[in-house]
There are 2 protein chains.
Amino acid sequence: MRRASALRTSRPKAGAVKPARGRAAAAAPSVRERILIVAERMFAEHGMEGVGLRAITAAARVNLASIAYHFGSKDGLLEALFAQRAAPIAQERLRLLALCCEDGKTPTLEQILDAFLRPALTLGVQPQFGGPAFVKLRARLGTEPETTARKILAKAFDQSSRKFIDAIAQALPGQPREEIEWRYHFMLGTMFYTMANSGRIQSLTDGRCDPGDVKRALHHMIPFLAAGFRSAPVS
Amino acid sequence: MRRASALRTSRPKAGAVKPARGRAAAAAPSVRERILIVAERMFAEHGMEGVGLRAITAAARVNLASIAYHFGSKDGLLEALFAQRAAPIAQERLRLLALCCEDGKTPTLEQILDAFLRPALTLGVQPQFGGPAFVKLRARLGTEPETTARKILAKAFDQSSRKFIDAIAQALPGQPREEIEWRYHFMLGTMFYTMANSGRIQSLTDGRCDPGDVKRALHHMIPFLAAGFRSAPVS
DNA sequence: ACATTAAACAAACGACTGTTTACTTTGCGA
DNA sequence: TCGCAAAGTAAACAGTCGTTTGTTTAATGT
């Protein structure tokens, strides 16, 4: 890393997009938006270290310096990406959890797992821009080492994670806390690996099971994990 | 990538290590070995794209050109790393599986999972050289995109993977093949994420559960996965 | 009309990338 | 003791990296 580098001018406000002039057609995406879109896809595909800013700006048909201007740095770009995507996922998780807690009811384990997994696997899927890019990106960062990336990820999701561990614990009164924590960890692994969609299982099963098919993936995943969570605690 | 580049001289044979002169003390590791050791650790820690050859050769206290000399290229170094590590893991897996199939007995699901998971999590753990580095590296490559790396990984493990899917199917006669394949995929995710040891679960549980503690991890993991595998197939 | 300012741009910065070249040292068999 | 291939090395090569600079365009506020 070179230096902290204050921007020469104040950064433009996040939502400051001019309305489309003339017809109310789809507004041409701003430079900022185009960068975010292709960066999301390329980071996901090749990893943070695997793509250069030149590749991103070329693909977005945008000047190289635009990234410094709009996001300050490469890390700033990643941070902006997460600010735009992670928060909605965490919110949707909590919303779904609250939804099945209404009227003081205790939600089933399956409901909790669904509320946790579904937003992660479905939100931000934009087929017109190369598919579930953010989902892949998150999975990548989940296994990457202690970088700024991981801190961002932790900050974005730790809070909702704790809430879900609590909810699972409530749904499984007999289980020791530590057992639930281990199993939560296993669930994260299952989720991330499905999100990463490395292609390994497709080649191993001649395409019979495809983690990119989110509906089917969730349909198989939730009962599998629920059974694991409910099994007798060890030792 | 620059070019394929035939080596100027034939590569030295893999096992051509001179016996230690004088006392039978620990032979000073050859240049080749030192490169492999630190490359394993650094690739694992920062990913293939995250480390330069200069960082590796400096840490190994070895000349920069030694990598080209001994391995031909950066990818060649990774290939040599896998040739040294992956095969023993696959072999140990099949050995353990054969062991619990002796006398025509049908092994239990737990035995099969143990035979599959234990070698991956334990083999190649060298505390004196920065801990379970290869384990982390494998986890990283498992979520990385379609690079040479993933092809190497697939070639090294696909064969034994199919054998284990078959073994699990035999142990669970009631389950449709597709269900077993999905659950095998989920198991891979659990395994890789535990191997990656991203530190997320530690911070989430104040250190109570540590995926680096392999014995405990396996102890919790196998019953969890077994329960998932045994649960009723979905629709 | 003028000043201000966000946005976009081409060009360059120094550091670092994997790889190659040309050279020197080492060790062993004849 | 010579010969010769293996082993090891310093320096350079041709790029790419993330970042910075100085300038121009386009729109706003006064």
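Because only heavy atoms are used, hydrogens play no part in the values below, and waters and symmetry mates are left out as well, while side chains stay in. Each chain gets a letter, A, B and so on, in the order the sequences are listed, and its residues count up from 1.
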Exercise. Output all residues satisfying side chain to side chain contact (heavy atoms under 4.5 Å, CB included) with A:A55, sequence neighbours left out; order by chain, then residue number.
Key: A:M42, A:V51

Self-check item: Under-4.0 Å side-chain N/O to phosphate OP1/OP2 contact, A:H70 with C:dA6
Solution: no

Quiz item: Among residues 48-59 of chain A, which contact DNA chain C at a heavy-atom distance under 4.0 Å?
Solution: A:R54

Exercise. Kindly state each residue pair satisfying salt bridge (charged side-chain N to carboxylate O under 4.0 Å, His left out) with at least one member in residues 57-70 of chain B, sequence neighbours excluded.
Key: none

Quiz item: So does A:N63 reach the base of C:dA7 with its side chain, donor to acceptor, closer than 3.5 Å?
Solution: no

Practice problem: Check the distance between C:dT17's C1' and B:L64's CG and give it to me in whole angstrom. | Solution: 10 Å

Quiz item: Which nucleotide in the list D:dT9, D:dT21, C:dA6 gets nearest to the side chain of B:S66?
Solution: D:dT9

Quiz item: B:K74 side chain: which of C:dG18, D:dT20, C:dA8 is closest?
Solution: C:dG18

Self-check item: side chain to side chain contact (heavy atoms under 4.5 Å, CB included) partners of B:T57, counting only residues at least two apart
Solution: B:V62, B:L64, B:I67

Practice problem: May I ask you to evaluate whether B:Y69 reaches the phosphate of D:dG8, defined as a side-chain N or O under 4.0 Å from OP1 or OP2? | Solution: no

Exercise. To the nearest 10°, let me know how far the axis at one end of the helix from C:dC2-D:dG29 to C:dA30-D:dT1 is tilted from the axis at the other, five pairs an end.
Key: 10°

Quiz item: Partners of A:A39 by side chain to side chain contact (heavy atoms under 4.5 Å, CB included), sequence neighbours excluded?
Solution: A:F43, A:I56, A:L77, A:L81

Practice problem: Applying side chain to side chain contact (heavy atoms under 4.5 Å, CB included), name anything that partners A:E92, two or more places apart in sequence or on another chain. | Solution: A:R95, A:L96, A:P119, A:L123

Practice problem: From the options C:dT21, C:dT19, D:dT21, select the nucleotide whose nearest atom is closest to the side chain of B:A65. | Solution: C:dT21

Quiz prompt | Pairing residues for A:F157 by the ring pair (Phe, Tyr, Trp, His ring centres under 6.0 Å) criterion, not counting sequence neighbours | solution = none

Practice problem: Would you tell me whether B:Y184 and A:T205 have side-chain atoms, one donor and one acceptor, within less than 3.5 Å of each other? | Solution: no

Exercise. Using a 4.0 Å heavy-atom cut-off across all strands, classify A:I67 as base, sugar-phosphate, or nothing.
Key: nothing

Quiz item: Counting only N and O atoms by type, is there a donor-acceptor contact under 3.5 Å from the side chain of B:H185 to the main-chain atoms of B:E181?
Solution: no

Quiz prompt | Interatomic distance where CG belongs to B:L78 and C1' belongs to C:dG18 [whole Å] | solution = 15 Å

Quiz prompt | Whole-Å gap separating P (D:dG18) and CZ (A:F71) | solution = 15 Å

Practice problem: Send over the distance from A:R34 CZ to C:dC9 P, rounded to a whole Å. | Solution: 8 Å

Exercise. Would you please name every residue forming a salt bridge (Lys or Arg N to Asp or Glu O under 4.0 Å) with A:R183, sequence neighbours left out?
Key: A:E179

